[in-house]
Amino acid sequence: MDVSEAVDRRRAARALDEKPVSDGLISELIGAMRLSPSCNNNQPWRVIVARDPASLDAIKTSLTKGNVWASKAPLILVVCSRIDDDCKLADRRDYYLFSTGLAVGEMLLRATEMGLIAHPIAGFDALAIKEKLAIPADHVLITLVICGYPGNDVSLLSEKQLLAEVERPPRKPVGENFFNGLWGKPWA
Ligand SMILES: Cc1cc2nc3c(=O)[nH]c(=O)nc-3n(C[C@H](O)[C@H](O)[C@H](O)COP(=O)(O)O)c2cc1C
């Protein structure tokens, strides 16, 4: 699969199979994050690979209602970072979230290439998970990446989520986010 196909195919799908993800594939996901660029090569991400029942249970009992679909996941990556672990530059340019987000983005594409769903979420009780998984208080639990093989059981999905399985949620008109040479002048 080439990069453009991976970009096209990557979806935040929610119907998961419970089949485990092998050590080899997990190593590939980790490898993709490790090669990601970061400010000054600081590599500020810290990731708990959760696939044992105790860690998974600690996470799954702290999901928001809308994320109950993730309780089927055989693998969850708990992605954390800390402001002091990356560049802190003028004008609020604290790069830890940016560098970590880039690493997650690269990993999502590699997961897609390997036929996995890798779906980042923000809907969880971060403080509860931090406590249960011994994540230090000065780290931000940025996202959980819900991983697994695509499945057929859609019983845990809402109507909106069901629709999103088959149709990619729409994007804004390009000129709303992309400007032509000057702030606010829409890119046509
Ligand atoms: C930072 C972030 C937080 C998200 N949080 C959730 C979430 O809590 N629950 C969920 O089902 N999807 C979540 N998503 C997935 C988005 O809803 C999804 O990426 C978006 O609707 C676009 O769909 P697509 O990725 O399939 O193109 C999140 C995505 C990102 C990047």
Side-chain angles (χ1 to χ4, degrees), residues 1-18 29 32-33 36-38 44-48 50 55-83 86 92 94-130 132-133 135 139-174 176-178:
M1 189 182 291
D2 62 24
V3 177
S4 66
E5 192 180 348
V7 169
D8 279 348
R9 283 212 191 174
R10 185 216 56 79
R11 287 295 319 281
R14 297 179 176 87
L16 287 162
D17 198 285
E18 285 169 299
L29 299 178
M33 291 191 77
S36 179
S38 59
W45 46 85
R46 301 289 181 270
V47 182
I48 299 176
S55 305
L56 285 174
D57 192 58
I59 297 165
K60 290 175 182 178
T61 49
S62 302
L63 298 170
T64 56
K65 271 194 194 147
N67 283 332
V68 65
W69 57 269
S71 58
K72 290 224 162 199
L75 171 69
I76 298 178
L77 305 180
V78 183
V79 180
C80 307
S81 190
R82 175 167 69 160
I83 190 168
D86 207 356
R92 293 170 293 148
D94 300 324
Y95 279 99
Y96 69 119
L97 300 174
F98 181 83
S99 296
T100 303
L102 277 177
V104 169
E106 302 230 346
M107 184 265 287
L108 299 186
L109 294 182
R110 184 75 181 105
T112 303
E113 186 183 32
M114 299 190 303
L116 291 172
I117 292 171
H119 182 153
I121 65 166
F124 51 83
D125 182 339
L127 290 182
I129 296 174
K130 281 174 74 172
K132 288 188 254 186
L133 299 185
I135 298 168
H139 282 67
V140 179
L141 196 184
I142 303 166
T143 190
L144 302 173
V145 184
I146 310 299
C147 301
Y149 288 93
N152 300 315
D153 181 4
V154 292
S155 60
L156 296 177
L157 273 58
S158 69
E159 235 167 77
K160 192 176 164 204
Q161 291 172 337
L162 260 176
L163 178 64
E165 288 296 285
V166 288
E167 228 174 82
R168 192 194 279 276
R171 279 1 188 205
K172 295 179 183 186
V174 71
E176 254 186 59
N177 310 57
F178 297 88

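We count ligands from 1, going down the list as the structure has it; atoms in each ligand are counted the same way. These values consider heavy atoms only, across backbone and side chains, with no hydrogens, waters or symmetry-generated copies.
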Could you go through L116 and Y149, starting from their C-alpha distance and side-chain angles, then the distance that decides it, and tell me whether this counts as side-chain contact (heavy atoms from CB on, under 4.5 Å)? CA-CA 5 Å; L116 291 172; Y149 288 93; 3.7 Å; yes
Please write down residue, atom name and distance for the protein heavy atom closest to atom 12 (N) of ligand 1. H119 NE2, 2.8 Å
State if T143 counts as touching ligand 1 under the rule of any non-hydrogen atom under 4.0 Å. no
Give the single entry among A12, P120, A70 that approaches atom 14 (N) of ligand 1 most closely by any heavy atom. P120
Quick one: does K72's side chain have a donor or acceptor within less than 3.5 Å of a partner on G151's backbone? no
Looking only at protein heavy atoms, what sits closest to atom 26 (O) of ligand 1 is R11 NE, 2.6 Å
Would you check whether G66 has a nitrogen or oxygen atom less than 3.5 angstrom from a nitrogen or oxygen atom of ligand 1? no
Less than 4.0 Å is my threshold; does some heavy atom of R171 fall inside it relative to ligand 1? yes
N or O pair under 3.5 Å between P169 and ligand 1: no
Are the side chain of R168 and the backbone of A12 linked by a donor-acceptor contact shorter than 3.5 Å? no
Heavy-atom nearest neighbour in the protein, as seen from atom 17 (O) of ligand 1, with distance rounded to 0.1 Å: R14 NH2, 3.8 Å
Main-chain N/O of G123 paired to T64 side chain as donor or acceptor, under 3.5 Å: yes
Side-chain donor or acceptor of S99 paired with backbone N/O of P44 under 3.5 Å: no
Against heavy atoms of G123, which atoms of ligand 1 measure under 4.0 Å? 8 (O)
Decide whether the shortest distance between a heavy atom of W69 and an atom of ligand 1 is less than 4.0 Å. yes
Using only atom types and a distance under 3.5 Å, with no angle test, would you say the side chain of R10 pairs donor to acceptor with the backbone of E113? no
Any donor-acceptor pair under 3.5 Å from S71 side chain to V68 backbone: yes
Above 12 or not: heavy atoms from other molecules or residues under 6.0 Å from CD of E176? yes
Which residue supplies the protein heavy atom nearest to atom 9 (N) of ligand 1, what is that atom called, and how far is it? N67 OD1, 2.7 Å
Give the residue, atom name and distance (to 0.1 Å) of the protein heavy atom nearest atom 1 (C) of ligand 1. A122 CB, 4.8 Å
With heavy-atom distances below 4.0 Å as the criterion, list the atoms of ligand 1 near R10. 24 (P), 25 (O), 27 (O)
Just one of D125, T61, D57 clears the side chain to side chain donor-acceptor pair (under 3.5 Å) bar with K132, so which one? T61
Any nitrogen or oxygen of R168, side chain or backbone, less than 3.5 Å from one on ligand 1? yes
Taking distance alone, with N or O pairs closer than 3.5 Å, would you say I121 contacts ligand 1? no
Give a yes or no answer on whether the side chain of Q161 reaches the backbone of R14 with a donor-acceptor pair at less than 3.5 Å. no
Quick check on atom 3 (C) of ligand 1 - does any protein heavy atom sit closer than 4.0 Å to it? yes
